Amino acid sequence: MSLQGLNHYFNTFHALKDIALEIAAGEYVTLLGPSGCGKTTLLSVLGGFVQPTRGQVLIGGRDMTRVAPAKRPTTTMFQDYALFPHMSLCDNVGFGLRMAGQGRRARDARAMEMLDLVGLSDAADKRPHALSGGQRQRVALARALAVEPDVLLLDEPLGALDLKLRRAMQDELKEIQRKVGTTFVHVTHDQEEAMAIADRIVVMNAGRIEDEGTPARVYRAPATLFAADFMGEMNHIPAQVTDAGVETAFGALPSQGVRAGRATACLRPEAITTGDAGFALGAATVRDAAFFGTHCRAHVIPEAAPELVLIAHLPPGALPEPGARLMLSTDPAAVKIYPMEA
Amino acid sequence: MSLQGLNHYFNTFHALKDIALEIAAGEYVTLLGPSGCGKTTLLSVLGGFVQPTRGQVLIGGRDMTRVAPAKRPTTTMFQDYALFPHMSLCDNVGFGLRMAGQGRRARDARAMEMLDLVGLSDAADKRPHALSGGQRQRVALARALAVEPDVLLLDEPLGALDLKLRRAMQDELKEIQRKVGTTFVHVTHDQEEAMAIADRIVVMNAGRIEDEGTPARVYRAPATLFAADFMGEMNHIPAQVTDAGVETAFGALPSQGVRAGRATACLRPEAITTGDAGFALGAATVRDAAFFGTHCRAHVIPEAAPELVLIAHLPPGALPEPGARLMLSTDPAAVKIYPMEA
Amino acid sequence: MMRLLPWAYLLAAFVFIYLPVGTLVLFSFQEGGLPVPPFEGPSLRWYGDILSDGDLMGALGNSLMVAFGSSAVAVTLGFFAAYGLARHVLPGSALLRGLLIAPLTVSYLIVGLGLLIVLTRTGIGLSLVTAGIGHVVINLPLAFAIIYAAMGAQQQNAERAARDLGAGEAQVIALVTVPMLLPAILAAFFLSVTLSWDEFIISFLLTRFDVTLPVEIWSLLRSGLSPRLNAIGSLVFLVSVAVVLLLEILVFRKRP
Amino acid sequence: MSDGTARRGWGFTAPALIWTLAFFVVPFVVMGAMSLATLDGRTLVWDLSLANYIELGQKAYLARAIMVSLEITLTVTAVSVLLAYPLAWIIAFHVPRRWQRLALLLAILPFWTSYVVRSYAWLLVLAREGVVNNTLMALGVIAEPVTLANTRFATVTGFVHFFVMLLTLTIFSNLVQLSPNYRRAAMDLGANAFQTFRHVILPLTLPGIVTGAFLTFVLCIGDYVTPQILGGNTELTVPQVIMVQLGRRADFPLAAALAIVLMGIVSLAYLASARWLRLDRI
Amino acid sequence: EGELNALVWCDHTDPALIEPFEEAHDVKVNLREYEGTGAALALLDQSRPGDWDVLVIDGIDVFRAVEAGILAPLPADELPTADFFPEVVMEANNTVDGTTYAVTEKFGYNTISYNSDKVDAADMESLSTVWSEKYDGRISIYDYYLPVMGLAAIAEGIPTADIDAEALDTIGGTLSTMRSRAASVAGVVAAQTALATGEVDIVVGGGEWLTAGLAGEQPELTWTIPEEGAVLWSQSIGVLEGSEQPDLALEFVKYITGPEGQARLATSSCFWGMPANAKAGDVLSDDQKALLRWDQQPDYLERTQLYPAPDMDLDIEMQDLWLETLQQ
Ligand SMILES: Nc1ncnc2c1ncn2[C@@H]1O[C@H](COP(=O)(O)OP(=O)(O)OP(=O)(O)O)[C@@H](O)[C@H]1O
Ligand SMILES: Nc1ncnc2c1ncn2[C@@H]1O[C@H](COP(=O)(O)OP(=O)(O)OP(=O)(O)O)[C@@H](O)[C@H]1O
Ligand SMILES: NCCCCNCCCN
Ligand SMILES: [Mg+2]
Ligand SMILES: [Mg+2]
């Protein structure tokens, strides 16, 4: 699947800007970005529900830009699942096959097989409203997979679930993708979800792709400041890039090839450790701290730059008291420098 | 604030069962529990919207069980905010003062002050529908605080917000509570939220209080299996308690005073470390693993108990490949034993 | 005292609401020829009388035909209009919606008068069909509004899903849209039948020999004060109430 | 986001549009044109004159009919709203939940008596020897029967009966759609029951009330049956005068002019209430 | 089975009247009721020729229908007018330029109906005391301008035939007094109802047509022709020009004017009235004849006058005056 030079306008609103993307067969890709950034629009272009103003969609090498949704090897799973409330689960899952003209026998058999895959073969005769949110999501998945699409498009498939169920369903979704081997393109605005599930994350912002790559790469070395912020909590430290290197309130850092001028040095909370190994941040005062189970999240005010408030994840062992004084440092490789936007 | 022997029935349904709770002035308490466990009912009893079938509500030592909401030193902030859509923000915030008979001048001044506190003084003339969810929440807070309640009751105040905004608003809520010094009682079903914000967490289940204490205490040493599970991901290991100690597939553990019989040993994913210090879990095979930014979350199958799938949080450094073999261990103090429920 | 006030009001309101209906039904069992106190009876005399009245029973049949026929047309047109406007971008769609709703803001008399003028000028002539046409005019806006309001994003996504799975437009409508909107469609149909069943002035102006029940009752009313009127009125009322209660129990109770 | 082409959209919408155009708009326009014609003897003269409208000004009974219609309609609308609101309120907030549907159903059940019969039934109730007079005399409240039927009071009563049911339904659904938290929040912030109503509930239900009141206005001002049966012809409303022009004189032009005036009044009512009207959400 | 379309008054809709004809001729008679002559003429104007076969119309308005060219000539010799009460053959009404276009079928009086238990019968014998102060609020006026204005004229000593624009001023004053005493202005049924339920005690413009049908149950409801006299109403029936079955239509006219048809028409459910054909007396029962006051007819016919017969302009003036009075 390949997208080239995609642009889309809603009237005068430029919703997709120069999107180019390659998706390999069998890959699990997430489109991640804030609300309104164009994720649904991009997915709709892939699914054929929206015709892009410019650009091409190739699937398996064939140009599919103007092909109707039903004629594409893609199937979409909608955010609200869009199950047919008046049909049994079996009829829901068999709907695509019915449209393809399969007889009742054949399609019921296939539907049962798919329901089995998602662990719901017992409930085949129920109606969707008798199911919990998580079960509905599985039925939607079964329905989409029943027509054996080459590419499955999922628009915020877990958006309607509560946090706990959401985390559980992520595991299942990934598991099923592994079993069926279909390409999954999954839209979400939850970066934890994207990291938990994706082979590759595509970070979008305001109609553009900001970064793409494996979860670890995008988290650790995001291509842009936006991607850096979006992938998780981030401390911003003002910096000045000169030919000699990078100047910060905490001392000099090695240059990272950023053009000279004002810049931002970024540092994840969990990269801050107590002690003075690596790049020293010096002494800091704890403003407040809260216990988060796996760590303590603290707001600290470094003495070297008292106008900053840094967020640090400290070991969960002991909750630091407000006012406590700590010595902090970090691994210089964990600090990323981005030019200040104009 | 003190609750004694509270019981409430909706017709025959026993919604609150023998609730006893003390809340100190200036405390930030969260009521945490799954949907339908009685959180809203309990809060309604505090606010005076529901009269308990039995038991007493004392506020500042006075019996308030049958006092009308308006006459109590409590103010409630509702889950849907219940902002008056036909009034400007300023009028919304000033409503309580208007009812108290304050003149327009005085109440507008106070309303502006409160809007300023929540960072919305610019929008004083707007109507609620022109605001985002997060902004609405702040207005609701300002409105509730404007009447200077001794106790502020919040019913899922962040429930309608998306995850990111929710985390940001938690910081703000805590910050404001610190500034005004009012007692906050905050209902939520999100344990991360509860931990992030509360001085004390009250875990509820099916109308009962299961546990209460500081976030760290409740997380680390939950009083019941329910509380243990509800506070975060937990590995369950079947165990057998005898007079001699506790038997598990991984060996014996010191007794924790649990009565003899079948039991469950619980272990948080982050308590599992590689290596063999402490209590050894032995070799295990990685089934799959995903990068989560601050850690890698892996499903592992221990060789000592191949029917179990343990979840372990491993250091973020290197994502283990499926099939990799690891040696795992844990701190025996991190393992909690609960008797098997009947 | 203050606690009793609402209940006293409720009671008074129910007395007011049921006063005419109660009187109507009571005196339908009057033995004598005048439906006013004192009550002599009970007697089923007048029920026997109306049930054997061919004109009245004919009008009843006509009313049923007009009500169901015109409602079927109104709901069908309303449904397709709602589907077209909710699911497709049309230029000036707000204006179109306004136009479709407009007859709602016009008195029935005016609708009837306008149609009367046009129908007689064009020589189409009057019949039950023309009355039905008038009823469609007044019920179409309601059917459209009810169904349009029910066409939410949830159905839209289900329709898309169906299309995505290979359904053609007709299949989408028949297999997804209509079944999903069935409650709204039924509600619109039911309301439309009720209004058409009860409508007088349009039927009065636009029918010729075959008339609907309200028009027949009207001429009955012009030909003598009689418990017959009570009987036919009560019969219609009691049957309608039975239908309403049945619907309430069978259809609407089920919904949460 | 839309799923189809404009052409398809037109295909679906066209039948209803054509119907509305052919059987509503065209007749309306023809009627408008007709109001500019005059009747010479029994022949229609299309002389595009305002004679019919001038006649409205000249003949006192025509102007009076407009006044009568307006007075009756405004009274009915106001009284119906004032009576229906408390009823809807009580059903929504005082009647226990499980009885609510039943109470509401009971409150609107007489809807299903035939419209013509309902007015007739009021005649029986209000008659000199009807139920009301009989009861009041039996109770010793009055010595002589009072005249109730064949008066404006009777017309208004018949109308109010019908519209109280209609408005109770619309206001009730408005009240129960409101989050109960609005009331709780207001009470919690110190408002008493009246203040809660005045400052919170009333403004929030205003669109529902206005929509219901507008429909009441439209249906009431255009109705012929109720004043004809209950009013005793002691004063004529516009629809009655229209029917007289049609029935006795076949004066279609004057009837059309009256209908256009009626339409004008309804349009004014529409403009006056447009701010709150939610016609597509009934 | 054929169909016959008749435009009629409500008394023709009684199945007891129509069904025997339908059976005898194996035909379905479609009936459409109307109230005022204007409406009937307008309806006929807008119809296609052949739509209608039979018309029932106020005797006084036959000439208007003839002027409009909508009535077909009738074979005078085939009609049973010889058996009629001579006073109601009314050639002047039914014949234009020597051609007969319609035939009288029923007649009666617009006069005073009242409840003899509630009012002093003597007061009813003079129009001047009928609508006096004494009966304020206990009167209903029959809602048809021609007979009521005729009564008002008679009260003022103006013969109904002499009513002109000038006379309307006088009549207007009387009408206004009448109206100010009245509790209601009522159509046939409303007036019946009002009287039967005690709503009012007097109906001005009423007569046998209003009370005869009720007399079985409420014998106290009665009627009289006061000393000043009253208005004589008559209705005629004719065949429409362009009828596609003129023969059948004529058969219908003959049936209605024959003794059986006349007896049934006289006692039809909507309102009673005297049959034009005296032979109907053989078919009617004695009780029915008593209620119709069969034997007093000569005296009544003597003392009553025909409806006013205004020309177009005067008619409009009279209607305006009527509506003006109602709205006063
Ligand atoms: N039919 C439309 N007409 C005009 N603008 C539209 C339309 N659909 C979407 N937009 C705009 O395009 C932008 C991108 O919308 P899109 O639905 O793709 O966002 P998204 O990333 O899916 O957001 P969310 O996470 O909120 O679903 C938004 O600003 C939206 O307002
Ligand atoms: N008015 C009522 N009548 C009957 N049962 C009720 C009523 N209100 C609540 N309940 C029941 O009481 C139980 C507790 O309800 P409550 O609203 O307190 O739950 P909750 O913990 O706030 O849940 P959630 O997180 O879903 O808001 C639920 O099982 C609910 O169904
Ligand atoms: N035209 C009135 C003659 C009196 C009898 N009235 C019968 C009413 C028919 N319109
Ligand atoms: Mg989206
Ligand atoms: Mg709750």
Side-chain angles (χ1 to χ4, degrees), chain A residues 10-11 40 43-44 46-50 67-88 91-102 107 111 127-130 136 139-149 151-157 160, chain C residues 75 79 82-96 146-190 247 250-256:
Chain A
F10 288 114
N11 301 319
T40 296
L43 204 72
S44 303
L46 291 176
F49 297 107
V50 166
V67 173
K71 303 262 152 58
R72 298 189 184 206
T74 58
T75 303
T76 302
M77 191 180 133
F78 296 89
Q79 173 160 10
D80 56 5
Y81 310 143
L83 294 179
F84 306 131
H86 54 290
M87 296 183 194
S88 68
D91 288 347
N92 262 285
V93 176
F95 188 85
L97 306 170
R98 180 173 173 197
M99 292 302 108
Q102 278 197 21
R107 68 178 195 253
R127 293 285 169 91
H129 63 80
R136 285 181 208 185
V139 177
L141 192 61
R143 185 177 69 181
L145 290 172
V147 294
E148 299 183 28
V151 182
L152 186 64
L153 307 172
L154 307 99
D155 192 0
E156 307 243 6
Chain C
V75 169
F79 170 78
Y83 185 77
L85 283 169
R87 298 291 185 257
H88 303 264
V89 232
L90 292 181
S93 82
L95 199 75
L96 295 181
I146 290 171
I147 297 173
Y148 184 80
M151 281 199 177
Q154 204 211 338
Q155 280 93 343
Q156 185 164 17
N157 271 344
E159 287 163 12
R160 284 187 194 159
R163 240 173 245 131
D164 195 32
L165 292 169
E169 191 83 24
Q171 284 170 313
V172 168
I173 291 175
L175 297 177
V176 178
T177 314
V178 169
M180 286 185 77
L181 286 175
L182 209 56
I185 291 175
L186 283 181
F189 186 77
F190 180 58
L247 278 180
L250 294 183
V251 182
F252 296 106
R253 266 286 155 79
K254 279 201 196 143
R255 289 198 281 160

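Below, chain A is the first sequence line, B the second, and so on; all start at residue 1. Here the structure is a predicted model, which is why all the values come from computation and not from measurement. Atom set for the values below is all heavy atoms of this structure, side chains included, hydrogens, waters and symmetry mates excluded.
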Kindly compute the distance separating [atom1] ([X]) from [atom2] ([Y]), expressed to the nearest 0.5 Å.
| X | Y | atom1 | atom2 | answer |
| --- | --- | --- | --- | --- |
| A/Arg107 | A/Met99 | CZ | CE | 7.5 Å |
| C/Asn157 | A/Leu83 | CG | CG | 11.0 Å |
| A/Asp91 | A/Phe84 | CG | CZ | 10.5 Å |

Contact origin within C/Leu175 toward chain A - heavy atom pairs under 4.5 Å:
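Looking at C/Leu175, backbone and side chain both touch chain A.
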
Is it true that the side chains of C/Tyr83 and C/Glu169 contain a donor and an acceptor less than 3.5 Å apart?
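On atom types as modelled, these side chains qualify, holding a pair under 3.5 Å.
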
Under 4.5 Å from a heavy atom of chain C, the part of A/Met87 involved
side chain

Interchain contact, A/Arg72 with chain C, by part (heavy-atom threshold 4.5 Å):
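Neither; nothing under 4.5 Å.
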
